[in-house]
Amino acid sequence: MRNRQSGFTLVELLIAVAILSALLFTGSFAYQMLANRWGKELGEFNTSVQSTKSLTLLDDLLRGVQPFIVIEKNPGFDKPAFFFIGHNNSLLSISRSGIFSSGYPEIFRLTVQVQDNGLHELIYQSVSSQGLLLLTAQQEIVFEHQITLLKDFDEITFSYSGWDGFMEYAERAKSLKPASWREKFSGIDNQLLPEKMRVYAKKGGKVADFNVGFDQRSLRYLTPYIDNY
């Protein structure tokens, strides 16, 4: 009687290879899906962290805005005023909490721009006040630094709460009239800083909406100049 040889037939071998191939394909597909999902979530997380850091820098910058007197040159008279020109999509001022300068206030400009894809970005430009004598409202400013502070936002807007002039500000206690919100505020025209500034930024389903308060007694910085003019 001959011994039977144990082993795989060709059909069994083909079936085993097919099953192994299917398992490898399924595992590879599942891994690729997990890797793509992880990469997407990690990318969103990094974007969120970067936006948070940028918004924190913006908040610090605005809280550092300081009363700074310049002279507006007009035919026949010169007017002392505050270096603060704000619109709903831009702001020009000076801050002791600038992004690039350390130890010196930083003259800066924020500008909201619409990208080709319809989303908004916030451009930050600045120059250190060290060695730069800012005297007049009409003075040309050459910025040395520029970065994109916020990018790919659905909306970025500024608004301001303040008074139309120091006479209205002085009468506020009698009239009990609160400061009004508006889309633009000029320290040059109003000879005051706004009391507050609101920043509204929306990205996807997330919204950053915060107010920053300024020196509400900024008029005291203007008084010596008014007495001299």
Side-chain angles (χ1 to χ4, degrees), residues 46-72 80-113 115 120-153 155-162 183-201 203 208-222 225:
N46 288 337
T47 301
S48 178
V49 169
Q50 183 59 46
S51 297
T52 301
K53 289 181 179 178
S54 296
L55 288 168
T56 301
L57 285 175
L58 178 60
D59 182 69
D60 291 340
L61 172 76
L62 296 177
R63 293 186 186 280
V65 167
Q66 62 183 74
F68 189 89
I69 303 296
V70 292
I71 304 301
E72 182 186 19
F82 288 97
F83 187 68
F84 186 101
I85 305 173
H87 295 81
N88 67 333
N89 60 358
S90 65
L91 173 62
L92 176 64
S93 190
I94 183 168
S95 173
R96 56 181 173 270
S97 303
I99 295 177
F100 293 97
S101 301
S102 60
Y104 291 89
E106 196 164 274
I107 302 168
F108 71 90
R109 179 167 62 193
L110 294 169
T111 308
V112 179
Q113 296 182 352
Q115 304 168 236
H120 297 72
E121 62 182 5
L122 181 62
I123 305 299
Y124 177 80
Q125 297 170 290
S126 71
V127 61
S128 174
S129 62
Q130 182 183 13
L132 175 61
L133 189 59
L134 182 61
L135 296 175
T136 71
Q138 292 81 11
Q139 187 170 333
E140 182 180 0
I141 300 172
V142 178
F143 296 105
E144 296 179 349
H145 306 284
Q146 176 173 316
I147 61 170
T148 300
L149 198 57
L150 300 174
K151 188 176 179 64
D152 295 332
F153 274 68
E155 185 179 356
I156 305 172
T157 58
F158 304 143
S159 56
Y160 313 87
S161 173
E183 291 188 349
K184 63 180 182 178
F185 192 99
S186 172
I188 306 298
D189 297 334
N190 298 8
Q191 293 184 284
L192 284 174
L193 285 181
E195 289 195 345
K196 297 178 183 178
M197 176 178 174
R198 179 192 180 195
V199 177
Y200 179 87
K203 187 173 187 178
D209 189 357
F210 59 92
N211 293 340
V212 175
F214 299 125
D215 191 335
Q216 297 188 18
R217 297 187 299 161
S218 59
L219 185 59
R220 72 185 187 275
Y221 296 97
L222 195 67
Y225 294 87

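Because the structure is predicted, anything quoted here is derived from the model rather than measured. Sequence positions, counted from 1, serve as the residue numbers for this chain.
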Donor-acceptor pair, [X] side chain versus [Y] backbone, under 3.5 Å?
{"X": "Ser95", "Y": "Ser97", "result": "yes"}
{"X": "Gln138", "Y": "Glu72", "result": "no"}
{"X": "Ser186", "Y": "Asp189", "result": "yes"}
{"X": "Gln130", "Y": "Pro105", "result": "no"}
{"X": "Ser126", "Y": "Glu106", "result": "no"}
{"X": "Thr136", "Y": "Gln139", "result": "yes"}
{"X": "Tyr160", "Y": "His87", "result": "yes"}

Do [X] and [Y] touch side chain to side chain, with heavy atoms closer than 4.5 Å?
{"X": "Leu91", "Y": "Ile85", "value": "no"}
{"X": "Leu62", "Y": "Leu110", "value": "yes"}
{"X": "Phe158", "Y": "Asn89", "value": "no"}
{"X": "Ile71", "Y": "Leu135", "value": "no"}
{"X": "Ile69", "Y": "Phe83", "value": "no"}
{"X": "Leu122", "Y": "Thr148", "value": "no"}
{"X": "Leu58", "Y": "Leu149", "value": "yes"}

So, taking the atom named [atom1] in [X] and the one named [atom2] in [Y], what distance separates them when rounded to the nearest 0.5 Å?
{"X": "Leu132", "Y": "Glu144", "atom1": "CG", "atom2": "CD", "value": "8.5 Å"}
{"X": "Glu155", "Y": "Tyr200", "atom1": "CD", "atom2": "OH", "value": "5.5 Å"}
{"X": "Ser51", "Y": "Leu55", "atom1": "OG", "atom2": "CG", "value": "6.5 Å"}
{"X": "Leu150", "Y": "Gln50", "atom1": "CG", "atom2": "CD", "value": "9.5 Å"}
{"X": "Tyr104", "Y": "Ser129", "atom1": "OH", "atom2": "OG", "value": "8.0 Å"}

Would the number of heavy atoms belonging to other residues, nucleotides or ligands and lying under 6.0 Å from NZ of Lys184 be above 12? no
Run the ring-ring contact (aromatic ring centres under 6.0 Å, His included) test on His145 and Phe100 for me, step by step, so that the C-alpha distance in whole Å, both residues' side-chain angles and the decisive distance to 0.1 Å come before the verdict. CA-CA 8 Å; His145 306 284; Phe100 293 97; 4.3 Å; yes
Write down the atom of [X], the atom of [Y], and the distance for their closest heavy-atom approach.
{"X": "Gly162", "Y": "Phe185", "value": "CA-CE1, 3.7 Å"}
{"X": "Leu134", "Y": "Ile107", "value": "CD2-CD1, 3.9 Å"}
{"X": "Gly98", "Y": "Tyr124", "value": "CA-OH, 3.9 Å"}

Would you please test Gln146 and Ile123 for side-chain contact (heavy atoms from CB on, under 4.5 Å) and show each step? CA-CA 7 Å; Gln146 176 173 316; Ile123 305 299; 3.7 Å; yes
We want to know whether Ser159 and Glu183 form a side-chain donor-acceptor pair, criterion being a heavy-atom distance below 3.5 angstrom. no
Under a 3.5 Å threshold, yes or no: a donor from one side chain and an acceptor from the other, between Arg96 and Gln66?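 No, Gln66 and Arg96 have no side-chain donor paired with an acceptor closer than 3.5 Å.
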Assess whether side-chain contact (heavy atoms from CB on, under 4.5 Å) is satisfied between Val199 and Asp209, documenting all intermediate values. CA-CA 6 Å; Val199 177; Asp209 189 357; over 6 Å; no
Do the rings of Phe84 and Phe214 sit parallel, tilted or perpendicular, given the 30° and 60° boundaries? perpendicular
Applying the salt bridge (charged side-chain N to carboxylate O under 4.0 Å, His left out) test to Asp215, which of Lys196, Arg220, Arg63 qualifies? Arg220
Asp59 vs Val212, side-chain contact (heavy atoms from CB on, under 4.5 Å): CA-CA, chis, key distance, verdict: CA-CA 7 Å; Asp59 182 69; Val212 175; 3.7 Å; yes
Under a 4.0 Å threshold between the charged nitrogen and the carboxylate oxygen, would Lys203 count as salt-bridged to Asp152? no
Val70 and Ile188: CA distance, side-chain angles, deciding distance, side-chain contact (heavy atoms from CB on, under 4.5 Å) verdict: CA-CA 8 Å; Val70 292; Ile188 306 298; 3.8 Å; yes
